[in-house]
Amino acid sequence: MIHAGLEGIVAADSKISLVDGENGLLVYRGEWAESIAKHYSFEEATYFLWHGSAPKKTQFDNITSEFGQARHLTAAQKKIIDLLPESMEIMAVIRTILSSMGEEDFQFPATHTQGMRLLGIIPTIIAYRYRSQKGLPIIDPDDKLSHVGNFLYMLKGETPVEQHVKALTAYFILTMEHGLNASTFTARVIASTESDLVSAITGAIGAMKGPLHGGAPTGVIDLLEEIKHDGNSERVLRKKLENREKLMGFGHRIYKTRDPRAAALSEITSNFYDDEEFSLAHEVEDTAVRLLKEYKPDRKLYANVEYYAAAILRAIELPTELFTPTFTAARCAGWIAHVFEQNENNRIIRPSSVYSGEMPEYR
Ligand code: COA
């Protein structure tokens with residue numbers, strides 16, 4: 001029997017996360033991902049995901065300083081970025097810079113220090129490329145800021161709004177890991193050949209770059225823009241449902257209950273009701289869920305993670321072209337956790353295929 005896309009095939013025994021679509025559960029190393037998102041910084045969540053325990057004071061100080069050191073581009077890296085064609089998209093730029101990182105320092109097996117260097121530098125690559133493409137002055141990293149706060153600071157060139165940092169941190173934590181998705185599986189396949197961490201992460205970025213995986217949730221942005229312009233969410237949503245259009249950001253192939261990531265992001269951003277954009281996102285969700293129950297009473301249709309991802313990224317005014325790179329900056333933490341796990345208990349990943357071509361005549 002062929003399992004196209006390996007659907008339903010169990011290819012790893014992992015202690016990193018549980019994704020339970022039936023029951024709408026997401027667990028990171030024995031803790032609810034939602035709870036991690038509420039109580040941890042991205043630095044702490046990364047440590048937790050990689051090592052399975054919350055960092056103690058000295059470990060937290062160490063990881064904070066490692067993130068700080070990792071976020072500086074070398075002169076050579078800046079030069080490489082500057083030499084790349086104008087038209088090269090940011091995902092390809094991240095892939096190229098990571099790929100150019102020193103072979104010697106990244107020997108097999110993967111280490112915490114190697115992981116920090118790759119994870120720490122991605123936001124700087126994104127901000128550097130984005131600002132240089134726009135002809136804006138480059139903003140150097142600020143080591144006093146958190147990983148996520150510094151990312152916003154380097155992008156915008158001003159001290160970030162605290163609730164934007166909190167919302168984006170929650171987004172980073174809730175998207176850092178999601179089981180054996182295509183990019184994570186790619187990283188594990190490469191790691192299973194005992195190749196180095198740079199190669200595994202570069203391959204994962206290649207998988208993430210495809211529109212079926214890391215595609216930007218532009219449909220949701222368009223919907224929110226349309227509603228903002230019209231001023232009446234019910235009118236816009238009802239018209240779409242009457243026209244048998246799907247509401248972007250609602251429904252999920254796996255989650256038949258509320259996507260736990262959307263639920264967590266909704267709860268976290270509900271604290272920011274004073275922000276007009278967050279408040280719009282909540283109001284639209286309430287109206288959409290009510291109307292979906294009316295129009296599709298037999299279906300369980302709720303907001304999915306794309307809905308809140310788009311709502312947050314829009315509220316903090318992140319340009320749509322940065323959505324997939326930002327998702328990558330978060331998910332890289334999960335890729336690295338999986339490479340560590342693959343290295344610890346390795347067996348080369350080698351599925352089979354069924355030959356359906358012609359046979360030569362038997363001799
Ligand atoms: N708005 C309105 N109706 C929806 C809907 C939505 N967002 N999502 C599903 N439905 C309805 C379909 O019209 C269909 O109804 P019908 O059988 O009466 O015609 C039924 O629910 C099943 O739809 P289907 O597309 O087969 O469900 P699925 O579970 O296979 O698909 C998605 C899941 C995500 C593809 C689907 O919900 C969707 O297209 N959502 C909008 C796009 C989106 O948000 N994508 C990001 C996903 S993370």
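One-based numbering, in listed order, for ligands and for the atoms of each. The model shown is predicted, which means the values in this text are computed figures rather than measured ones. This chain uses plain numbering: 1 for the first residue, then up along the sequence.
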Check: Taking NZ, NE, NH1 and NH2 as the nitrogens, is one of them in Glu89 or Lys209 under 4.0 Å from a carboxylate oxygen of the other?
Finding: yes

Next item on the list: Using the six-membered ring wherever Trp is involved, compare the ring planes of Phe67 and His147 and label them parallel, tilted or perpendicular (cut-offs 30° and 60°).
Entry: tilted

Next item on the list: With heavy atoms under 4.0 Å as the rule, classify the contact between Val220 and ligand 1 as side chain, backbone, both or neither.
Entry: neither

Next item on the list: Step by step, work out the side-chain contact (heavy atoms from CB on, under 4.5 Å) result for His338 and Ser14.
Entry: CA-CA 8 Å; His338 279 269; Ser14 177; 3.9 Å; yes

Notebook entry, point to check: Considering all protein heavy atoms, does one lie under 4.0 Å from atom 26 (O) of ligand 1?
Noted result: no

Next item on the list: Could you grab the distance from atom CD of Glu306 to atom CE of Met248, nearest 0.5 Å is fine?
Entry: 10.5 Å

Next item on the list: Ignoring angles and geometry beyond distance, decide whether Glu306 reaches within less than 3.5 Å of ligand 1 through its nitrogen or oxygen atoms.
Entry: no

Next item on the list: Flag atom 43 (C) of ligand 1 as yes if some protein heavy-atom distance to it falls below 4.0 Å, otherwise no.
Entry: yes

Margin query: If I apply the N/O under 3.5 Å rule, does Phe250 come out as touching ligand 1?
Written below: yes

Notebook entry, point to check: Which residue supplies the protein heavy atom nearest to atom 28 (P) of ligand 1, what is that atom called, and how far is it?
Noted result: Arg253 NE, 3.6 Å

Check: Under 4.0 Å from any heavy atom of Leu292, which atoms of ligand 1 are there?
Finding: 1 (N), 2 (C)

Next item on the list: Look at atom 34 (C) of ligand 1 and say which protein heavy atom is nearest, naming residue and atom and giving the distance to 0.1 Å.
Entry: Gly251 O, 3.7 Å

Checklist line | Short N or O distance, Arg299 and ligand 1, threshold 3.5 Å exclusive | finding: yes

Next item on the list: Considering heavy atoms of the protein only, find what lies nearest to atom 29 (O) of ligand 1 and give residue, atom and distance to 0.1 Å.
Entry: Lys256 NZ, 3.0 Å

Notebook entry, point to check: Lys78 and Asp82: salt bridge (charged side-chain N to carboxylate O under 4.0 Å, His left out), yes or no, with the steps?
Noted result: CA-CA 6 Å; Lys78 289 181 186 172; Asp82 294 342; over 6 Å; no

Check: Among protein heavy atoms, which sits nearest to atom 13 (O) of ligand 1, and what does the distance come to when rounded to 0.1 Å?
Finding: Lys296 NZ, 3.6 Å

Note to self: With a 4.0 Å cut-off on heavy atoms, is Val305 in contact with ligand 1?
What the structure shows: no

Notebook entry, point to check: Taking the six-membered ring for Trp, are His178 and Tyr255 parallel (under 30°), tilted (30 to 60°) or perpendicular (over 60°)?
Noted result: tilted

Margin query: Can you tell me how far apart NE2 (His282) and CD (Glu277) are? Round to the nearest 0.5 Å.
Written below: 12.0 Å

Margin query: List ligand 1 atoms under 4.0 Å from Gly249, heavy atoms only on the residue side.
Written below: 43 (C), 44 (O)

Next item on the list: Would you name the heavy atoms of Ser183 and Ala207 that are closest together and state the gap between them?
Entry: CA-CB, 3.7 Å

Notebook entry, point to check: How close does the nearest protein non-hydrogen atom get to atom 47 (C) of ligand 1, and which residue and atom is it?
Noted result: Asn304 ND2, 3.5 Å

Next item on the list: Measure the CG-OG distance between Leu224 and Ser233 for me, rounded to the nearest 0.5 Å.
Entry: 10.0 Å

Next item on the list: Tell me which protein heavy atom sits closest to atom 4 (C) of ligand 1, plus the residue, atom name and distance to 0.1 Å.
Entry: Leu301 CD1, 3.6 Å

Note to self: So, regarding Leu247 and ligand 1 (criterion: nitrogen or oxygen to nitrogen or oxygen, under 3.5 Å), is there a contact or not?
What the structure shows: yes

Item checked: N or O pair under 3.5 Å between Lys246 and ligand 1 -> yes

Margin query: His51 vs His112, test: side-chain contact (heavy atoms from CB on, under 4.5 Å). Steps then yes/no.
Written below: CA-CA 9 Å; His51 302 292; His112 172 98; 2.8 Å; yes

Margin query: Taking side chain to side chain contact (heavy atoms under 4.5 Å, CB included) as the criterion, tell me which of Leu168, Val165, Leu119 meets it with Phe42.
Written below: Leu119

